[in-house]
There are 2 protein chains.
Amino acid sequence: MPVDPHLLRTFVTVVAEGSFSAAADRLGYTQPAVSQQIAALEADLGVPLLGRRPVRPTRAGERLLEHAGPLLLRLRAARADVARLSAEPRTLTLAAGPLALTAGTAAALAGVTTVRVAGAAAAVALVASGEADLALVDGPAAPSDPLSLPDAGPLTTVGVREEELVVVLPEGHPLAGRAGLRLDDLADAVWVDAAEVMPLDRLRAVARLDGLRPGIRYEGHDPAVAARLAAAGHGLTLLPASTAPCGVRVPLVAPRIVHRVELVHAALPPGPAAEVVRALTS
Amino acid sequence: MPVDPHLLRTFVTVVAEGSFSAAADRLGYTQPAVSQQIAALEADLGVPLLGRRPVRPTRAGERLLEHAGPLLLRLRAARADVARLSAEPRTLTLAAGPLALTAGTAAALAGVTTVRVAGAAAAVALVASGEADLALVDGPAAPSDPLSLPDAGPLTTVGVREEELVVVLPEGHPLAGRAGLRLDDLADAVWVDAAEVMPLDRLRAVARLDGLRPGIRYEGHDPAVAARLAAAGHGLTLLPASTAPCGVRVPLVAPRIVHRVELVHAALPPGPAAEVVRALTS
DNA sequence: GGTTGCCATAAGGGATGCTGATGCCCGTGG
DNA sequence: CCACGGGCATCAGCATCCCTTATGGCAACC
C-alpha cells in the first residue's frame, strides 16, 4: 500500500513548524489529530520519524523528507494536469525569474495578465501545480546545456535565450582593466550574495569550483541593485551583460558559462498561452 | 488535498485489466468496491476518467495515467528508502541490462547473490522500490552523455563504461567491406527488432533520425542471438563491439554514439553493496 | 428472445479519523 | 526548589468512511 500523502503532508508541516501544535493550527486540525497522524505514519513505516522535545526529524525522517516534497508536488501536478483539460481560463499567469524578462522576452507577453517573480524551482512548481500557465526560468549553465530543474512531471522545457555573463567590479579595482576574467582566479574574492538574482551555490555547481566567499547579502530581485552593490565595492557579482547598468563590466571567459533562460509549460491547447509560447520561441 | 494514491492504484489496475471485475480480482476487492473507488476519484477530480463498456481511459484519464506510474513508483521508493536505513540485508540483488554484464563488470560482482535481467526503466524502478540493491543499466548514448532514465528519487548514477558500437551485417552484404558506417545511410534498411537488447526507438531518439525499419522481432536478452540473426540476413543490428561474436562487424562512425553502461544505486551504508560499487567504479 | 456478464446503486456493518478531555513531562521563572 | 505553563500522548466517543452483500439495469452474444 503506498505511503499516505495525507500523512506526508502533516509530517512535512510538523517539520517546517517544529511543533505539533503549530502544525495543527496551520492545517486546521487539533493537536491530538496531528499526534495521531504522525503516530500512524511511524507505525506504517515501522520507524520513528521525529524526535520529540524538541521536534526534529530523525535520519529516517530526513530521508522521507527528501521524497515528500517532490511527491506532494507531483500529486498537485497530477490534479492540475487533469483540471487543465476542462479549464476555460480567463487569466494568463507567467512565473518569471528575476533575470528572465529582458526587452526581447517582455515584448512577447501579449495576453499575459499576471507576472509573478519566482526562483527556478518555485516557478516550475507553480506551473506543475497549475498556479501559473508558463514559467520563464533563468540561471547560469554551460552553453546549450539545459538548466537543472526539478522533475515535476510531463512539462515541456525550451531554451529561449543565452547571454554572455559579465563580472561587475568597482572602478579602480585591480582587475578592472582586463579584457576577460577567469572565475577560478576570483574564487577567493568576496561576492555579493544575491540568492534570488545569481545564487552562489548554483554558480559553484555549474562552474565546478569551491570558493566565491559570500559578502553582503541582497534579498531582493533587482539585478540593477546587485550591480550597484558590486560597483560600490561590496563584492563582485556576475550578471547577464544586458542587466548590469553600472560598474566595470568584464566578460567571463572561463569556464564557458552563459546566462540561460528557458520556458517551461504544460501541454497547452490553442489559445493565448500557446501564442505566448510561439512568440517566445521563434 | 492530494490525489489519493490508493484510488490511483485502483485506476491504473482497471486500465491495465480493461475491466472493473478483473481489477477487483487482482486487487483483492469486490467489484462494487472498485466501482465506488473509481467514482470517488472521478468525483474528486471532477471529470470522467474512464469510458464504460468498453472500459477505456478518457483524455483526462490518459493524462492522469502519465502521472500515476511515476507517482506510485516514487511512493514505493519513499517507503523503500526509509526501510533501507534499518534493514540488515542478507542478499545482494543486482538488476542488469542484457548488455551491461561484460567480463569486466562481471568480475566486480563479489557478494552479489542474485542477478535479475531488466530493461533500463525497470531496473531503475527495482532499485528505487528496494527490490534490487544495484542496477547496471545500458543503452546507446552520445559520448559522455548520461543515459535517459526515469526520475525515481534520490538515486546515484555513475558511468561505468562506454564502448564502441558496431553494425552487424551478413557476409557478402554490399556494405560489408566498409571501414565505417553512417547510421543515416542505413535508415531505410531493415533492422532486427531486439527490444530488450537494442531498442530501435531508443536508438532513433539518441541518433535523432527516423527510419530503421523493424524486421524480425527478437524478444530474448541474448545479444549473441541478435548478432546471429543479423549475420543470417534477417536485418541489421547495432551492438557493443565485445558482444557481437559473429557476422561482419563494421564500426559506427556517425553519429557519434557509444554503448554506455551506468550503475544506479541508492545511498548505501558500508557493506557488500558498497564494495561492489567501489569495484565497478574504479 | 433469453441468457450471461459486467457496471451502478442501495443498505448495512465494522473500521477509521477526528474532537474534547485529560494525563504526563519538561523547561522556565520566581 | 517549586509552581506553572506549554506541548505531546492517550483515551473515549461520535460521525463518517469504506468495504461487502444484495440487487438492478443494460448490452452483447447465442
Side-chain angles (χ1 to χ4, degrees), chain A residues 1-62 64-65 68 71-72 75 79 82, chain B residues 1-62 64-65 68 71-72 75 79 82:
Chain A
M1 187 63 75
V3 179
D4 186 345
H6 177 62
L7 304 182
L8 271 187
R9 192 182 64 140
T10 299
F11 175 63
V12 166
T13 306
V14 169
V15 172
E17 299 288 328
S19 156
F20 286 47
S21 308
D25 287 344
R26 186 163 294 276
L27 293 168
Y29 290 120
T30 61
Q31 175 268 319
V34 168
S35 185
Q36 288 159 22
Q37 288 178 29
I38 297 300
L41 185 57
E42 287 177 327
D44 182 27
L45 293 171
V47 290
L49 298 167
L50 292 167
R52 270 72 158 176
R53 330 300 182 104
V55 171
R56 194 160 53 219
T58 60
R59 277 187 72 221
E62 284 170 348
L64 187 61
L65 280 170
L71 268 167
L72 293 171
L75 285 160
R79 183 183 294 277
V82 168
Chain B
M1 188 63 76
V3 179
D4 187 344
H6 176 62
L7 304 181
L8 270 187
R9 191 182 65 140
T10 300
F11 174 63
V12 167
T13 307
V14 169
V15 172
E17 298 289 326
S19 152
F20 285 48
S21 308
D25 287 343
R26 186 164 295 276
L27 293 169
Y29 291 119
T30 60
Q31 175 269 318
V34 169
S35 185
Q36 288 160 22
Q37 289 178 28
I38 297 300
L41 186 57
E42 288 177 327
D44 182 26
L45 293 171
V47 290
L49 298 167
L50 291 167
R52 271 73 157 175
R53 330 291 189 118
V55 170
R56 195 160 50 218
T58 59
R59 276 187 72 220
E62 285 170 348
L64 187 61
L65 279 171
L71 268 168
L72 294 171
L75 285 160
R79 184 183 293 278
V82 169

- Note on the structure: Applied to residues 30-41 of chain A, the side chain to side chain donor-acceptor pair (under 3.5 Å) test, sequence neighbours excluded, yields Thr10(A)-Gln37(A)
- Note on the structure: Rounded to the nearest 0.5 angstrom, the CZ-OG distance for Arg53(B) and Ser19(B) is 10.0 Å
- Task: Nearest whole angstrom, please: distance from the C1' of dC18(C) to the CE of Met1(B).
- Result: 12 Å
- Query: Taking only residues two or more places apart in sequence, or in another chain, which ones meet Ala60(A) in a side chain to side chain contact (heavy atoms under 4.5 Å, CB included)?
  - Reply: Val47(A), Leu49(A), Thr58(A), Val82(B), Leu85(B)
- Residues two or more places apart in sequence or in another chain: which of them pass side-chain hydrogen bond (donor to acceptor under 3.5 Å, both in side chains) with Arg59(B)? none
- Query: Which heavy atom of Pro2(A) sits nearest a heavy atom of Leu72(B), and at what distance?
  - Reply: CG-CD2, 4.5 Å
- Rounded to the nearest angstrom, tell me the gap between atom CG in Leu50(A) and atom C1' in dG7(D). 14 Å
- Task: Any pair with a residue in residues 6-16 of chain B that passes salt bridge (charged side-chain N to carboxylate O under 4.0 Å, His left out), sequence neighbours left out, goes on the list, sorted by first then second residue, please.
- Result: none
- How bent is the helix from dG1(C)-dC30(D) to dG30(C)-dC1(D), comparing axes over its five end pairs at each side, to the nearest 10°? 20°
- Message: To the closest 0.5 Å, what do you measure between OG1 (Thr13(B)) and CD1 (Ile38(B))?
- Response: 8.5 Å
- Message: Tell me every residue that passes side-chain hydrogen bond (donor to acceptor under 3.5 Å, both in side chains) with Arg26(B), counting only those two or more places apart in sequence or in another chain.
- Response: Glu17(B)
Could you list all N or O pairs between the protein and nucleotides 13-16 of chain C that sit under 3.5 Å apart?
none

- Item | Phosphate OP1/OP2 of dA9(D) contacted by Arg52(A) side-chain N/O (<4.0 Å) | yes
- Note on the structure: Applying side chain to side chain contact (heavy atoms under 4.5 Å, CB included) to Val15(B) and not counting sequence neighbours gives Phe11(B), Leu50(B), Pro57(B), Leu65(B)
- Per the under-4.0 Å heavy-atom filter, residues of residues 8-21 of chain A near DNA chain C come out as none
- Message: Looking at every heavy atom in both Leu8(A) and Ala68(A), which two are closest together, and how far apart are they?
- Response: CD2-CB, 4.1 Å
- Message: Is any side-chain heavy atom of Leu71(B) closer than 4.5 Å to one of Leu75(A)?
- Response: yes
- Message: The criterion is salt bridge (charged side-chain N to carboxylate O under 4.0 Å, His left out); which residues satisfy it with Arg56(B), sequence neighbours excluded?
- Response: none
- Task: List for me each residue that meets side-chain hydrogen bond (donor to acceptor under 3.5 Å, both in side chains) alongside Arg79(B), sequence neighbours excluded, and say none if there are none.
- Result: Asp44(A)
- Sequence-aligned protein contact record of nucleotides 11-30 of chain D, with B where the base is within under 4.0 Å of a protein heavy atom and S where only the sugar-phosphate is: B-------BBBB--B-----
- What integer distance in Å separates Ile38(B):CD1 from dT9(C):C1'? 16 Å
